[in-house]
Amino acid sequence: MNILTQHLKQGCNMSLAFDVDNTSGSTAYQSLTQDSSDKIKSTTASASAHLRYNMSTAWMRQCRPYKLTILILLLLILLPLLAHRKLLNAELDAPPTDVHRSRPLLDAYEDFSAMRASDLKMRIEEMLRIKSTVSVELRELESRRQKLQSDISQYNQKLEELKQELLREQTELERLKISVEQAQVAQREAVQRNTPELALPRTLTPNSLPRRMNGISDGVAAACEMHNCFDHSRCSLTSGFPVYLYDPDVYNVQRSGYDIDGFLKTTIKQTLGYNAHIVRDPKQACIYLVLVGEALLEEDLLRNNRYAAQEEVAQHPHILSNSMAANSSPIDLGKLYQLPYWGGDGRNHVLLNLARRDLNSARTNPLLQQNTMRAIIVQSTFERDQFRPNYDLIVPPILGPPGGDVWQECASMVPARRKYLLTFQGELRPSQAALPPLDDFIMEHLKDMSRSSTQDQFLLQFQCVPATEQQEAGSLGDWTLCGSDSSRKQLLKDSTYVLILPPLGQRVSSTLMLARLYEALRSGAVPVILGADELRLPYAETIDWRRTALLLPKARITELHFLLRAVQDSDLLLLRRQGRLIWERYLSSVQATVDTVIASMRDRLGIPPRPVPPVVAQSVFNSTFIPLKSEPPVGMDTEPEESLGPIEPPYPSPSFRRNYTILRIQSKEAWNDWMDPFFLYPQIPFDPVLPSEAKFMGSHTGFRPIGKGIGGAGKEFSEALGGNYPREQFTIVILTYEREQVLMESLGRLYGLPYLHKVVVVWNSPKPPLDDLRWPDIGVPVSVVRAPRNSLNNRFLPFDVIETEAVLSVDDDAHLRHDEVLFGFRVWREHRDRVVGFPGRYHAWDLSSNNLWHYNSNYSCELSMVLTGAAFIHKYYMFLYTYQLPQAIRDKVDEYMNCEDIAMNFLVSHLTRRPPVKVTSRWTFRCPGCAASLSEDDTHFQERHKCINFFSQVFGYTPLLNTQYRADSILFKTRIPHDKQKCFKYI
């Protein structure tokens, strides 16, 4: 019995442990325990009753009947009372918190005491099986609960995505509505347009030779002007100004014993061969060029000495006397008149007499007192009664190389003040020439100035020491050059100003005077031309010499020192910079001189120049290959509720709109600011801006004012470009090299970008793209252009497939949001002549060396460059980078495979004298997760240090300018009413 009791207690303890460990299944277990307890109590009760029956039977056998009766009566009375009391005590003793158990735990122990061990073990095993079954069911229920929760979260996520998609589709619908409205406006504009669609003009040239006319006398020829001696009928506005050159080897107009300098003859033919205006058919020509000089004695041509002619004449004076006796000019007029297209009177003929070796001889003006009829004379020396203003043309002598880079010949522009304030070296030849009284006074005053006690240093020498090698025989009255070219160059590099004295006599120009001007501009010494009111300077119709030199009458000689001291450093450097630009573009080489002569004649006639040649793009795909397409990722860089602009069909920028007016209205700017009158560009960033009311009164074509003119923010702002210029789009140019996956991701992010016209991918790798490479379909054309070679300069090639003025230059790993791109585009429209972009950098002065620059990418409150890895530029600058930037800079970019962005910033700041514009707070533009680029290498920065200093040496100064502000949206960080929207959500 004790053993049974112990087993029952152990079972109860296990039951308690099960209750504690499995709280989640407590209800089921308690129900099962209640059933088992009821069965055990039933079995125990039956056993107890049987035992009592046996005992009572034995007792009754021993007791009498009356005693039995009394006992029964007592039992009948006491048992109900005891039962009633027991029930009351059980109700009072029951625990109030346990509603599931109907019996106390000790009663269960007592009930189990009557149970056998085998039955108890069976019961316990049964309970354990029930427990395991319940646990499995609970785990299944928990798994189902987790799955339901996962499904609920997925459905919630899908619901959010559908909400985002709904917002995106609503935004897209609004963009489509705006696009339809703008298309309707464009259709109405096309219907109402009353002006012709201007484009590149078709060439209209004559198809016959000049008619033969009667010759004219000297008196008529002396009165020639463009209206009475030039045949405009051969020079249509759309002709392109065709020019024909008489071959100097075939048509020689020199007298016997003379010939043209071989270097000059060969170089002129070569340089004119590069000129876009030259034609081979004389029937098409507007003008005819005849090379008449520099004519030298045939004996002199064997000697490569600039002054060989004078030396030969000094040694053999009979040559000069014989030639002078026969005719003072080496030009044979008979041969000139017999030129096949002379037409009897020489109309539309241009006689080129270009001095190079003989600078002071009478042969520098071989056409003096010669009847050249209606021909235009181009040379350096003119007498006052010989020169026909606005008809003849004064050019400097040919003292430079045939062409190419000439920056090595120039001195640095800084510092502004040099060792000498004013210098002059020269000697009057011939020595017996007498000076007028005023010139004598000038000489005395200049000598006194050089001897005066002042802090300013002067070097004024009126006699050559040592004596010059030039001889006096046959020379004209003029101030000859002293020393050699190298010695004069060294002195001029130390001179702040250089004095230029006019020639003697009645000459308005002389070769020696223009040689002095040439050398002064080359070395950065500001010319001070005394007696300028009596002279004529080269290309005076187009070049503004007041921005290059100090032009003074002789009467100002006593105030000369005061005036030179009064010029501020900023004005001094402005004069020096302008002088160098004039020298480089128009005077420095044979190529520059020839191109300038032709451009001057064309400008005089008001004919547009030839269009600048674009770079023809060659696709990396052959004509039959169709690249694979893939769907682009949607909504990666845009907010679903933010509309950035309408969806438009491709709209190229109008080109050649101002081809007949730009060089008429802005000729001075083209010659003196832009320094490029030689080509006609499709567009330029310097177009004039219309008044505000013109957009609503008669000149509304193409304009899209915000809110149709009433303004607005948010929705109204996103619907139109606004601004001061008509609607336009931009082209994205991506330079890439064997990073296909990065490129594809960058292209995919461009899907849905408003105002995007086209994407041009410059494929710098010699390997073509993989055939199975999938190109994302972004809704606009993607042109993949094969680069001629692996060069970073290819980033700025002016490909013909670029049809917009605005060009966004980006690296293949650049990551820009759509709102950033659109904001940059809007800012560029207001600063079209500048670099507008995102990552800013600056050039820092090296304090240790005190003469070098360092490239710096640290965070700074000043910047001077915007990297073209993510920047807007005008296509015009791509032409200039390719055709005008010194070749040495492009070679340095190829050498380092670096610095092309610095070169573009140098170029734009050099031409505009303005800093770039940085937009937004973005300091870097690399995509997250992309591999490290070369720009993170220390060698990269060292090369960029060298680039800045080398480019400064080429330009003669550092054109970069600092700026201390960036552009953000107008309503950025501005508190606005809740019912209003900002221009951009995050900008």
Side-chain angles (χ1 to χ4, degrees), residues 205-216 221 229-231 234-235 241-275 277-298 300-301 323 326-358 363-368 370-379 392-393 395 398 402 590-591 593-595 597-598 601:
T205 58
N207 57 1
S208 61
L209 296 174
R211 294 179 300 169
R212 186 162 189 83
M213 307 287 288
N214 296 326
I216 60 174
C229 288
F230 193 85
D231 184 6
R234 300 193 62 85
C235 306
F241 195 64
V243 177
Y244 178 83
L245 172 66
Y246 285 97
D247 189 342
D249 292 324
V250 178
Y251 301 100
N252 189 338
V253 296
Q254 281 73 36
R255 291 184 177 275
S256 178
Y258 288 91
D259 199 358
I260 298 176
D261 178 22
F263 168 83
L264 196 61
K265 184 190 303 185
T266 303
T267 306
I268 291 294
K269 291 175 62 175
Q270 290 179 348
T271 54
L272 282 174
Y274 301 144
N275 195 284
H277 295 277
I278 292 296
V279 296
R280 305 301 178 187
D281 187 359
K283 294 181 180 179
Q284 300 178 352
C286 167
I287 64 172
Y288 299 85
L289 299 181
V290 185
L291 186 60
V292 299
E294 178 179 46
L296 299 175
L297 294 169
E298 292 180 349
D300 299 338
L301 298 178
S323 62
N327 194 307
S328 60
S329 174
I331 306 301
D332 189 338
L333 293 180
K335 293 181 179 180
L336 183 66
Y337 297 160
Q338 293 175 3
L339 291 174
Y341 317 118
W342 184 259
D345 56 359
R347 61 192 180 280
N348 293 34
H349 276 61
V350 177
L351 308 182
L352 298 177
N353 179 39
L354 305 176
R356 189 181 83 91
R357 292 166 58 177
D358 191 359
R363 290 193 295 268
T364 58
N365 190 5
L367 299 175
L368 179 62
Q370 303 295 312
N371 184 11
T372 55
M373 299 189 184
R374 290 190 167 95
I376 299 173
I377 300 175
V378 176
Q379 62 183 19
D392 294 330
L393 190 64
V395 298
I398 304 294
V590 180
Q591 181 78 59
T593 301
V594 171
D595 291 344
V597 168
I598 294 178
M601 300 299 300

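Because only heavy atoms are used, hydrogens play no part in the values below, and waters and symmetry mates are left out as well, while side chains stay in.
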As an exercise, state the distance from [atom1] of [X] to [atom2] of [Y], rounded to the nearest 0.5 Å.
{"X": "I398", "Y": "L354", "atom1": "CD1", "atom2": "CG", "answer": "5.0 Å"}
{"X": "I260", "Y": "L296", "atom1": "CD1", "atom2": "CG", "answer": "9.5 Å"}
{"X": "Y251", "Y": "L245", "atom1": "OH", "atom2": "CG", "answer": "11.0 Å"}

Could you report the tightest heavy-atom contact between [X] and [Y], atom names first, then the distance?
{"X": "M373", "Y": "G344", "result": "SD-O, 3.3 Å"}
{"X": "P248", "Y": "K265", "result": "CG-CG, 3.5 Å"}
{"X": "C235", "Y": "N348", "result": "SG-ND2, 4.2 Å"}
{"X": "Y341", "Y": "P282", "result": "OH-CG, 3.3 Å"}
{"X": "E294", "Y": "D358", "result": "OE2-N, 2.6 Å"}

K283, NZ: over 12 other non-hydrogen atoms inside 6.0 angstrom: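 No.
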Close side-chain approach of [X] and [Y], heavy atoms under 4.5 Å:
{"X": "H277", "Y": "V279", "value": "no"}
{"X": "M601", "Y": "F241", "value": "yes"}
{"X": "I598", "Y": "I287", "value": "no"}

Chi angles and distances behind the side-chain hydrogen bond (donor to acceptor under 3.5 Å, both in side chains) call for N275, D595: CA-CA 7 Å; N275 195 284; D595 291 344; 2.8 Å; yes
Stepwise ring pair (Phe, Tyr, Trp, His ring centres under 6.0 Å) test for Y246 and H349: CA-CA 10 Å; Y246 285 97; H349 276 61; 5.6 Å; yes
Charged N-O contact under 4.0 Å between D345 and R212: no
Any salt bridge between D231 and R374, counting N to O under 4.0 Å?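 No, no charged N to carboxylate O under 4.0 Å.
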Apply side chain to side chain contact (heavy atoms under 4.5 Å, CB included) to V590 and I268, showing your working. CA-CA 7 Å; V590 180; I268 291 294; 3.8 Å; yes
Under 3.5 Å, is there a donor-acceptor pair linking the side chains of N207 and Q284?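 No donor-acceptor contact under 3.5 Å links the two side chains.
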CA sep, side-chain torsions, deciding dist, call: F230, C286, side chain to side chain contact (heavy atoms under 4.5 Å, CB included): CA-CA 10 Å; F230 193 85; C286 167; 4.2 Å; yes
Start with the C-alpha gap between V395 and L352, add the side-chain angles, then the distance that decides, and say whether side chain to side chain contact (heavy atoms under 4.5 Å, CB included) holds. CA-CA 10 Å; V395 298; L352 298 177; over 6 Å; no
Side chain [X], main chain [Y], donor-acceptor under 3.5 Å:
{"X": "R234", "Y": "A285", "value": "yes"}
{"X": "T267", "Y": "L264", "value": "no"}
{"X": "T271", "Y": "Q591", "value": "no"}
{"X": "Q379", "Y": "N353", "value": "no"}

Residue that, paired with L351, satisfies side-chain contact (heavy atoms from CB on, under 4.5 Å) out of I376, V290, V378, L291: V290
For the pair V597 and L393, evaluate side chain to side chain contact (heavy atoms under 4.5 Å, CB included) and give the outcome as yes or no after the intermediate values. CA-CA 8 Å; V597 168; L393 190 64; 4.2 Å; yes
If you look only at distance, which donor and acceptor atoms sit under 3.5 Å apart when one is on a side chain in residues 331-338 and the other is two or more places apart or in another chain?
unit_1	atom_1	unit_2	atom_2	d
D332	OD1	G334	N	3.0
K335	NZ	Q254	O	3.1
Y337	OH	N371	O	2.5

